[in-house]
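Structure first, then comments.
Indexing begins at 1, ligand by ligand and atom by atom, following the structure's order. No hydrogens, no waters, no symmetry mates; every other heavy atom, side chains included, goes into these values.
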Amino acid sequence: MNARAFKSGFIAIVGRPNVGKSTLMNRLLGHKISIVSPKPQTTRTRILGIKSLPGAQLIFLDTPGIDKSGGYFHRLMVTAAMNTLHEADLIVWIVEAGHPHSSADKFILESLGAVKSPIMLVINKVDLVEKERLLPIIDRFQSLLPLVEIVPISATKGDNIDRLESLLIEHLPEGPPLYPPDQLTDQPEQFIIAELIREKVFHLAYQEVPYAVAVEVEQVKTREGRELTDVEATIYVERDTQKGIIIGRGGAMLKKIGERARPEIEMLLGTQVFLRLWVKVRSDWQQDDEALRRFGYLQR
Ligand code: GDP
Ligand code: MG
């Protein structure tokens, strides 16, 4: 027998906002666990995603973008990302091929100095640049810190993802699976549903309601003997004017949000979904630990 030992471990995916961390995790998992948008700070807490293979279990930790500025809630998000650096067996640091030298990346570089686990650099969005642009980026990062691999990819196109996956497995420690093979995440179903709704709000109303939105799912209940689930959720905003925008003229915006979120919730639950949405004002939720806990952004 020359069976290879089973590999397993936690892989932290870190980087500045908007480089494609959540897109990459979803791509590697083959499922949408983490929400994605063209705006920074879409991901607000650590999102765990599990990939079980015959010879390995990869446990990804998607994180909020690391940068410096911001108030209480923002700092909470950055702390969540920083904490995963020390929980992980392997770090994937993502930079963008087109903009590899931001000041946030300098800050991350400093933070990685204290990390014991191996670090792999992933250069994402290679679909947006000429191939010749990559070589100087690789040279530069190699001179900055010890890296076990440097892997150029496109998370949206899928370029080089298989290669990245085998390299991740190679650098994971030996060990048994840590989660049941059919488990995809440790996040409660209700939280993932809330995130899918929040993503649609981000996509449809970002201009008007940037970071004010949080979503709480109050009920997920399957109707007896039927392939139909009732889902009830509340969208929280900070001001009355924002409430008006989310509801829209004659309820048009809220309807649109529901129409876009529903099919994704149906995919997740595997049943038809009857979705009911409410909008409420809660002006202080970003400063209120009780609210932050309820929305899943602060651990108990
Ligand atoms: P995060 O903030 O690091 O989690 O980034 P997201 O995963 O939310 O992605 C931010 C934006 O970058 C989204 O609009 C993605 O569609 C886009 N994006 C992610 N990966 C790629 C890629 O490989 N190529 C291109 N062109 N866009 C990408
Ligand atoms: Mg993200």
Side-chain angles (χ1 to χ4, degrees), residues 11-49 60-70 73-74 76-85 88 91-100 102-105 107-108 111-112 120-131 133-134 137 150-165 185 187 191-192 194-207 210-211 213-215 260 264 295-297:
I11 303 167
I13 304 176
V14 299
R16 68 178 170 79
N18 233 25
V19 291
K21 298 177 291 300
S22 301
T23 307
L24 175 62
M25 182 170 88
N26 291 337
R27 168 67 75 167
L28 284 160
L29 291 173
H31 286 275
K32 181 160 168 184
I33 292 293
S34 205
I35 64 169
V36 166
S37 93
K39 310 299 173 188
Q41 299 313 108
T42 306
T43 310
R44 288 178 169 174
T45 185
R46 156 194 131 339
I47 309 280
L48 183 144
F60 297 105
L61 302 169
D62 182 23
T63 62
I66 296 176
D67 60 9
K68 270 189 185 168
S69 60
F73 182 46
H74 188 103
L76 211 70
M77 291 192 273
V78 174
T79 306
M82 293 296 221
N83 287 344
T84 63
L85 290 177
I91 313 265
V92 169
W93 179 18
I94 307 190
V95 296
E96 241 184 74
H99 317 270
S102 84
S103 64
D105 284 320
F107 179 53
I108 294 167
S111 318
L112 288 173
M120 196 180 289
L121 186 79
V122 164
I123 306 173
N124 190 29
K125 308 196 187 183
V126 296
D127 55 293
L128 298 179
V129 301
E130 302 294 322
K131 269 220 171 71
R133 296 271 302 273
L134 294 176
I137 301 176
I150 298 179
V151 194
I153 63 157
S154 169
T156 45
K157 296 250 153 67
D159 297 350
N160 224 14
I161 298 294
D162 291 347
R163 165 130 182 90
L164 173 62
E165 186 181 282
T185 180
Q187 241 77 39
F191 180 80
I192 307 271
E195 289 283 274
L196 292 172
I197 297 166
R198 191 167 63 83
E199 183 187 67
K200 303 312 165 210
V201 178
F202 249 74
H203 289 176
L204 290 165
Y206 178 84
Q207 292 303 341
Y211 296 104
V213 171
V215 177
R260 302 231 182 143
E264 296 198 9
F295 299 154
Y297 301 142

Notebook entry, point to check: What are the atoms of ligand 1, with element, lying closer than 4.0 Å to any heavy atom of S22?
Noted result: 4 (O), 7 (O)

Notebook entry, point to check: So, T63 and the Mg ion (ligand 2): N/O/S under 2.8 Å, yes or no?
Noted result: no

Checklist line | Over all atoms of both residues, closest heavy-atom pair of K125 and V19 | finding: CE-O, 3.5 Å

Next item on the list: Please work out the angle at the Mg ion (ligand 2) defined by atom OG1 of T43 on one side and atom OG of S22 on the other, rounded to 10°.
Entry: 90°

Item checked: Heavy-atom closest pair, residues L196 and K32 -> CD2-CE, 3.9 Å

Margin query: Is it the case that ligand 1 has an N or O less than 3.5 angstrom from some N or O of V19?
Written below: yes

Check: Is there a nitrogen or oxygen of D62 sitting under 3.5 Å from a nitrogen or oxygen of ligand 1?
Finding: no

Check: Just by modelled atom types, is the F107 backbone N or O under 3.5 Å from a matching donor or acceptor in the S111 side chain?
Finding: yes

Checklist line | Closest to atom 5 (O) of ligand 1 among P40, P17, G20, G15 (heavy-atom distance) | finding: G20

Next item on the list: State if G65 counts as touching ligand 1 under the rule of any non-hydrogen atom under 4.0 Å.
Entry: no

Next item on the list: For atom 14 (O) of ligand 1, grab the closest protein heavy atom and report residue, atom and distance to one decimal in Å.
Entry: P38 CA, 3.4 Å

Notebook entry, point to check: Is it the side chain (CB and beyond), the backbone, both or neither of S37 that lies under 4.0 Å from ligand 1, heavy atoms counted?
Noted result: backbone

Checklist line | Minimum heavy-atom distance Q187-I47, with the two atoms named | finding: OE1-CA, 3.6 Å

Next item on the list: For T42 and ligand 1, answer yes if some heavy atom of the residue is under 4.0 Å from a ligand atom, otherwise no.
Entry: no

Item checked: Under 3.5 Å donor-acceptor, Q41 side chain and P64 backbone -> no

Note to self: Check whether H203 reaches the backbone of V36 with its side chain - one donor and one acceptor, N or O, closer than 3.5 Å.
What the structure shows: yes

Checklist line | Where S22 and T43 come nearest, the two heavy atoms and their spacing | finding: OG-OG1, 2.8 Å

Checklist line | Shortest protein contact, atom 2 (O) of ligand 1 (heavy atom only) | finding: N18 N, 2.9 Å

Margin query: Counting only nitrogen or oxygen atoms and a 3.5 angstrom limit, does R16 reach ligand 1?
Written below: no

Notebook entry, point to check: Can you tell me if an N/O/S atom from T23 lies under 2.8 Å from the Mg ion (ligand 2)?
Noted result: no

Note to self: I'd like to check whether A155 has a polar contact with ligand 1, where a contact means an N/O of the residue lying under 3.5 Å from an N/O of the ligand.
What the structure shows: yes

Check: How close does the nearest protein non-hydrogen atom get to atom 18 (N) of ligand 1, and which residue and atom is it?
Finding: K125 CE, 3.6 Å

Check: So F191 and Y297, would you call those rings parallel, tilted or perpendicular, with 30° and 60° as cut-offs?
Finding: perpendicular

Next item on the list: Provide the closest heavy-atom pair for R44 versus V213 in the form atom of the first, atom of the second, distance.
Entry: NH1-O, 2.6 Å

Next item on the list: Determine, for D67 against R16, whether the closest basic-nitrogen to carboxylate-oxygen distance falls under 4.0 angstrom.
Entry: no

Notebook entry, point to check: Which heavy-atom pair separates I33 from I192 by the least distance, and what is that distance?
Noted result: O-CD1, 3.9 Å

Check: What protein heavy atom is closest to atom 1 (P) of ligand 1, reported as residue, atom name and distance in Å?
Finding: K21 N, 3.5 Å

Next item on the list: Return a yes/no value for T23: is any of its N or O atoms, backbone included, closer than 3.5 angstrom to an N or O of ligand 1?
Entry: yes

Next item on the list: Have a look at ligand 1 and work out which part of N124, if any, has a heavy atom under 4.0 Å from it: side chain, backbone, both or neither.
Entry: side chain

Next item on the list: Find all atoms of ligand 1 within a distance of less than 4.0 Å from any non-hydrogen atom belonging to D127, and give their numbers and elements.
Entry: 22 (C), 23 (O), 24 (N), 25 (C), 26 (N)

Note to self: Donor-acceptor pair, distance only, cut-off 3.5 Å: does the side chain of T63 make one with the backbone of R46?
What the structure shows: no

Margin query: I'd like to check which ligand 1 atoms, numbered from 1 as shown, lie under 4.0 Å from a non-hydrogen atom of L128.
Written below: 26 (N)

Quick one: side chains of residues 152-160, donor-acceptor pairs under 3.5 Å with protein atoms, not counting sequence neighbours, listed by atom name and distance.
residue, atom, partner, partner atom, Å
S154, OG, D127, OD1, 2.9
S154, OG, K157, N, 3.1
N160, ND2, P152, O, 2.8

Check: Considering T43, V126, T156, I66, which one's heavy-atom position lies nearest to atom 28 (C) of ligand 1?
Finding: T156

